[in-house]
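Note that these values count all heavy atoms, side chains included, but never hydrogens, waters or copies made by symmetry. Here the structure is a predicted model, which is why all the values come from computation and not from measurement. Numbered from 1 within each chain, the chains take letters A, B, ... in sequence-line order.
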Number of protein chains: 2
Amino acid sequence: MKKEVNDIRGLAEVLGLSITTVSRVLNGKSIRYRISATTQQRVVQAAKEYNYKPNKLARGLKLSKTDTLGLIIPDISNPFFADIAQSIEKEARSKGYSLILCDSREDHLVEKELIELLISHKVEGIIIAPMGTDYKHIIQTYDSGMPLVVVDRCFPEIGLPFITSDNYQGGIDAVNYLISMGHRKIACIQGIPKSRPTVERVRGYNEAFRNNGIPVDDSLIVGNDYSTENGYKQTRILFSMEDPPTAIFALSNLIGLGVIKAIDEMGLKIPDNISLISFDEQPYSAFLGTPMTTIDQKKSEMGQLAVDILLKYITNKEYRKKVVHMTLKTNLIVRDSVKKIN
Amino acid sequence: MKKEVNDIRGLAEVLGLSITTVSRVLNGKSIRYRISATTQQRVVQAAKEYNYKPNKLARGLKLSKTDTLGLIIPDISNPFFADIAQSIEKEARSKGYSLILCDSREDHLVEKELIELLISHKVEGIIIAPMGTDYKHIIQTYDSGMPLVVVDRCFPEIGLPFITSDNYQGGIDAVNYLISMGHRKIACIQGIPKSRPTVERVRGYNEAFRNNGIPVDDSLIVGNDYSTENGYKQTRILFSMEDPPTAIFALSNLIGLGVIKAIDEMGLKIPDNISLISFDEQPYSAFLGTPMTTIDQKKSEMGQLAVDILLKYITNKEYRKKVVHMTLKTNLIVRDSVKKIN
DNA sequence: TTGTAAGCGTTATCAC
DNA sequence: GTGATAACGCTTACAA
C-alpha cells in the first residue's frame with residue numbers, strides 16, 4: 001500500500017492517462033471504448049495500490065443516482081421493526097444500495113422532518129413504517145415523484161403502495177381461537193387507534209364475535225399505542241373493573257409484555273387467572289413465564305419485498321404507474337397462554 | 001404550495017436575485033452581508049412556497065461536509081445492538097447528523113467492505129461495533145484520518161478510541177454471585193472467543209474463582225459466538241457430561257435464550273436443575289419462565305457517548321490526538337434464575 | 001484507443 | 001448590499 005490518492009484525477013496523473021480513460025475502466029466500460037488490456041490492467045492495479053475510492057457525492061451529483069435509500073421506522077428498539085430493518089438493509093445492500101436509518105419515535109412532526117431530510121440527501125427511494133394516523137406528508141412526497149413504499153402501518157384508502165400483514169385475518173384467527181377455548185369476555189388492547197394494523201385487527205376482533213353470534217362489548221376495546229406502558233396501564237385498569245375479562249388480545253409484542261408485567265405484579269397467573277394472546281412472535285415468546293400464544297408476522301419477507309418493489313419503482317418508470325398493495329398471511333402459534341374455560 | 005423548484009438557481013430566478021444572495025440568506029448569513037430585511041424575508045418565504053430543499057450532495061461536495069455518520073453493527077436484530085443503534089441515531093440527529101446503517105452480520109469480509117462503502121459515501125465519521133477478532137482494516141481507516149469510535153467489541157491493546165462496558169467487573173460480579181450462592185461447577189458459554197467482551201468476561205470469571213480460592217475447570221468454558229444457537233448447542237453438550245455444571249454463565253442475551261431453550265427441551269427447570277445468569281438485560285428478562293438474573297449494560301449511554309466523542313473528533317482537530325478509552329459500569333440484576341445450593 | 005471540456009447544485013472569493 | 005465566477009469530483013458528449 002503506497003500513498004493514497006483521493007481523486008480520479010490523482011489516479012490519472014500517476015498513470016499518465018486522462019481522467020476519462022480511468023473513469024471508463026473503473027466503470028467497466030473498457031470494452032465499449034476498446035481500451036487496451038494493458039491500460040485497463042494498469043488502471044485497476046493502480047486504483048487498488050493507491051487505495052482509490054470513488055466519491056459517491058460527486059457521482060451522485062452528476063448522475064442523479066446516489067445508491068441510497070431512506071428508511072423511516074417508528075421505533076428501532078422494538079424488535080418487530082428491528083427485524084424488518086435488518087431484512088431491508090440486507091436486501092438493499094445486496095442490490096447495491098445503502099440505507100439512511102431514521103427513527104421517528106412515533107412522532108408525527110419528526111416523521112415529516114425526516115422525509116424532508118431524506119429528500120435533501122437525495123435518496124432514490126423511501127421505505128416508511130409511519131405512525132399511521134396521517135398521510136398528507138407521505139402522499140405529497142410520493143406525488144412529487146419520489147419512489148416510496150409504506151410498510152406495516154399502511155393507508156389502503158389512498159393510492160400509496162404498501163406491504164403489510166393480513167391484520168384482519170390475524171385478528172379473526174386470534175379471537176376465534178379465544179372463543180373456541182370458551183372465552184366470551186375478551187379485552188382488546190389496541191395500538192395507535194387510527195393506525196391501520198390496529199383498525200384491521202379490531203375489525204377482525206369484531207368479525208370473529210359476529211361470526212360466533214356473540215355480541216361485542218365495546219368497552220373492552222381499550223388502549224392507545226403500541227408500547228409496553230400502554231399494555232401495562234390498560235391491564236391494571238381492566239382488572240379494576242367489577243367483572244374483569246377472562247382473556248386479553250394484545251395488539252403488539254410490547255403491549256403483551258406490559259400485560260404480563262401487570263398480571264405479574266397483581267400476583268395473578270397466565271392462563272389460570274387470565275388468558276393472553278399477542279400479536280408479533282419473538283424469539284423469547286416461547287420462553288416467557290407462560291409460553292405465549294402469538295400471531296406471527298412474516299417480517300423478513302415484508303422487508304425484502306418492500307425493497308424489491310421500491311427498486312422496481314426506481315428503475316422502471318412504467319412500473320411506477322402500478323400501485324402495489326400487498327398483504328402477507330399471518331400465522332397463529334398456539335402455546336400455553338390461553339386456558340380452556342367453561 | 002405552488003410549483004416546485006429544485007435549484008437554488010430556480011429560486012434565485014423567480015426572485016430576481018442572484019444565487020449568491022439566496023444562498024447567503026438560506027445559510028443564515030444575512031447579517032454578515034447586510035442583506036436587506038425585505039430581501040431576506042422574500043427569500044425565506046419563496047423557499048417555503050416553492051418547497052425548495054437544498055441538495056446535500058452538492059453541498060457536501062463543495063464543503064467536504066456531508067452531515068452523515070456511518071454505523072456498522074454486527075446484528076441489528078439483536079436487541080442489544082438495536083438499543084445502541086437507537087440511541088446513536090437519536091443523538092446523531094439531534095446534532096444535525098444522519099446515519100447510514102450497515103449490518104455486517106458478524107462477517108469479517110462484509111465488515112471490511114462496509115467501511116469502504118462508508119468512505120465512498122464520504123461519511124464524516126464512523127461508529128463501529130466490529131466482529132472484534134481483527135482490527136487491521138479498522139486501524140487503517142482510523143490512521144488514514146477518518147474519525148472513528150469503536151463500540152462494545154473494542155481493542156484496548158491498540159490506539160483506537162473505544163467505549164465499552166466494564167466486562168471484566170461484570171464477569172466478576174456474575175460469578176461472585178454464583179459462588180456466593182454455593183455454586184462451584186459453573187459453566188461459561190462464551191461469545192466470539194477472541195472478541196474483547198468475551199475475553200474480559202472470562203477473565204472476570206477466572207478472577208472470581210481465584211478470589212474465592214477455587215480452582216477453575218477450563219473444560220467448562222465453552223462456545224464460540226453470541227448467538228442463540230450457540231447457547232442451545234453448548235447447553236446440550238454440557239448436559240451430556242457425566243456430571244453437568246450446577247450453573248451457567250451466558251455471555252449474551254441471545255446465548256441465554258438458547259440455554260433456556262435447551263433446558264426447556266430436556267424437561268429441566270431453572271433454577272431447580274440448573275442456575276443461569278446472563279449478560280444483557282432486556283425488557284423480557286423479568287418475564288421469562290424463570291425471571292432471569294442478568295448483568296445490565298448502559299446501552300443508551302454507550303450510544304450517546306459514542307456519538308459525542310465522535311463529533312468531538314470531527315469538529316476539533318486538537319481533540320483528535322486524544323485516544324478516548326471509556327468503560328461503563330455494569331449492574332447485576334438479581335432475580336430468580338439462581339438457586340442457593342449446598 | 002484516448003483526450004477535452006461542460007455541467008451536476010452548492011458555497012467562497014473577489015469585485016462592485 | 002448584491003453579484004459573477006471558480007471550484008468540489010465525477011461522467012459523458014464530442015473531438016481527435
Side-chain angles (χ1 to χ4, degrees), chain A residues 4-44 46-47 50-68 116-117 119-124, chain B residues 4-44 46-47 50-68 96 116 119-124:
Chain A
E4 303 234 338
V5 137
N6 33 17
D7 244 346
I8 195 170
R9 189 155 117 185
L11 244 198
E13 259 165 27
V14 301
L15 280 165
L17 287 173
S18 79
I19 295 178
T20 315
T21 305
V22 177
S23 167
R24 279 171 180 157
V25 173
L26 262 24
N27 288 297
K29 296 183 176 160
S30 321
I31 346 91
R32 174 147 28 132
Y33 289 94
R34 308 167 170 222
I35 288 165
S36 69
T38 6
T39 307
Q40 207 193 131
Q41 285 201 342
R42 285 182 60 223
V43 172
V44 173
Y50 288 89
N51 206 16
Y52 167 74
K53 312 247 172 45
N55 183 330
K56 291 220 178 220
L57 255 49
R59 197 159 200 275
L61 188 57
K62 178 68 189 159
L63 299 181
S64 308
K65 170 121 190 46
T66 53
D67 302 339
T68 307
E116 314 255 297
L117 184 66
I119 294 176
S120 257
H121 275 293
K122 297 289 163 193
V123 297
E124 294 182 40
Chain B
E4 302 234 339
V5 136
N6 33 17
D7 245 344
I8 196 170
R9 189 154 117 186
L11 244 197
E13 259 166 28
V14 301
L15 280 165
L17 286 172
S18 79
I19 295 179
T20 314
T21 304
V22 176
S23 169
R24 279 171 180 156
V25 173
L26 262 26
N27 288 296
K29 296 181 177 161
S30 321
I31 346 91
R32 176 149 24 133
Y33 288 94
R34 308 168 170 221
I35 288 165
S36 70
T38 4
T39 307
Q40 207 193 132
Q41 284 202 343
R42 284 181 61 223
V43 172
V44 174
Y50 288 89
N51 206 15
Y52 167 74
K53 312 246 172 47
N55 183 331
K56 291 220 177 219
L57 255 49
R59 196 158 200 275
L61 187 56
K62 178 68 188 160
L63 299 181
S64 307
K65 171 122 190 46
T66 53
D67 302 338
T68 308
E116 314 255 297
I119 293 175
S120 257
H121 275 293
K122 297 290 164 193
V123 297
E124 294 182 38

Heavy-atom nearest pair, B/V14 first then B/L11, reads CG2-O, 3.0 Å

message: Any base atoms under 4.0 Å from B/S36, or only sugar-phosphate, or nothing? Heavy atoms, all strands.
response: sugar-phosphate

### Query
Are any non-hydrogen side-chain atoms of B/R59 and B/N27 less than 4.5 angstrom apart?
yes

Whole-Å distance, B/Y50 OH to C/dG9 C1', equals 20 Å

note: A/N55, atom CG; D/dC8, atom C1'; distance rounded to Å ~ 8 Å

- Message: It should be established whether A/T21 places a side-chain nitrogen or oxygen under 4.0 Å from OP1 or OP2 of nucleotide C/dT1.
- Response: no

B/Q40 atom CD is separated from D/dT2 atom C1', nearest whole Å, by 14 Å

* With a 4.5 Å heavy-atom cut-off, do A/T20 and A/Y33 have their side chains touching? -> no

In whole angstroms, the gap separating P of C/dA12 from CZ of B/R32 amounts to 8 Å

- request: Establish, with yes or no, whether the OP1 or OP2 oxygen of D/dT11 is under 4.0 angstrom from a side-chain nitrogen or oxygen of A/Y33.
  value: no

Rounded to whole Å, CG of A/D7 lies from C1' of D/dC8 at a distance of 9 Å

Checklist entry - Given side chains that start at C-beta, do those of B/E124 and B/D67 come closer than 4.5 Å, heavy atoms only? => result yes

Using only heavy-atom distances, decide whether a donor-acceptor pair under 3.5 angstrom links the side-chain of B/R24 to the base of D/dG1. no

- Just by modelled atom types, is the A/P54 backbone N or O under 3.5 Å from a matching donor or acceptor in the B/S120 side chain? yes

Classify the nucleic acid contact of A/K29 as base, sugar-phosphate or nothing, counting any heavy atom under 4.0 Å across all strands shown.
-> sugar-phosphate

Side-chain contact check for A/S18: nearest option of C/dT10, C/dT1, C/dT4 is C/dT4

Check: Looking only at side-chain N and O atoms, does B/S23 come under 4.0 Å of OP1 or OP2 in C/dT11?
Finding: yes

Here the residues of residues 58-67 of chain A within 4.0 Å heavy-atom distance, strictly under, of DNA chain D are A/A58, A/R59, A/K62, A/L63

note: B/N27, atom CG; C/dA12, atom P; distance rounded to Å ~ 7 Å

Side-chain atoms of B/I19 come closest, of C/dT11, D/dT2, C/dA12, to C/dT11

| query | Given side chains that start at C-beta, do those of B/N55 and A/K122 come closer than 4.5 Å, heavy atoms only? | reply | yes

Quiz item: Reckon B/N6 has a side-chain N or O less than 4.0 Å from the OP1 or OP2 of C/dG9?
Solution: no

Whole-Å distance, B/K56 NZ to D/dC8 C1', equals 17 Å

In whole angstroms, the gap separating C1' of D/dC8 from CD1 of A/I8 amounts to 14 Å

As a check of understanding: the bend across the helix from C/dT1-D/dA16 to C/dC16-D/dG1, end axes from five pairs, rounded to 10 degrees, works out to 50°

*For C/dT11, take OP1 and OP2 only and decide whether either is under 4.0 Å from a side-chain N or O of B/T20.*
no

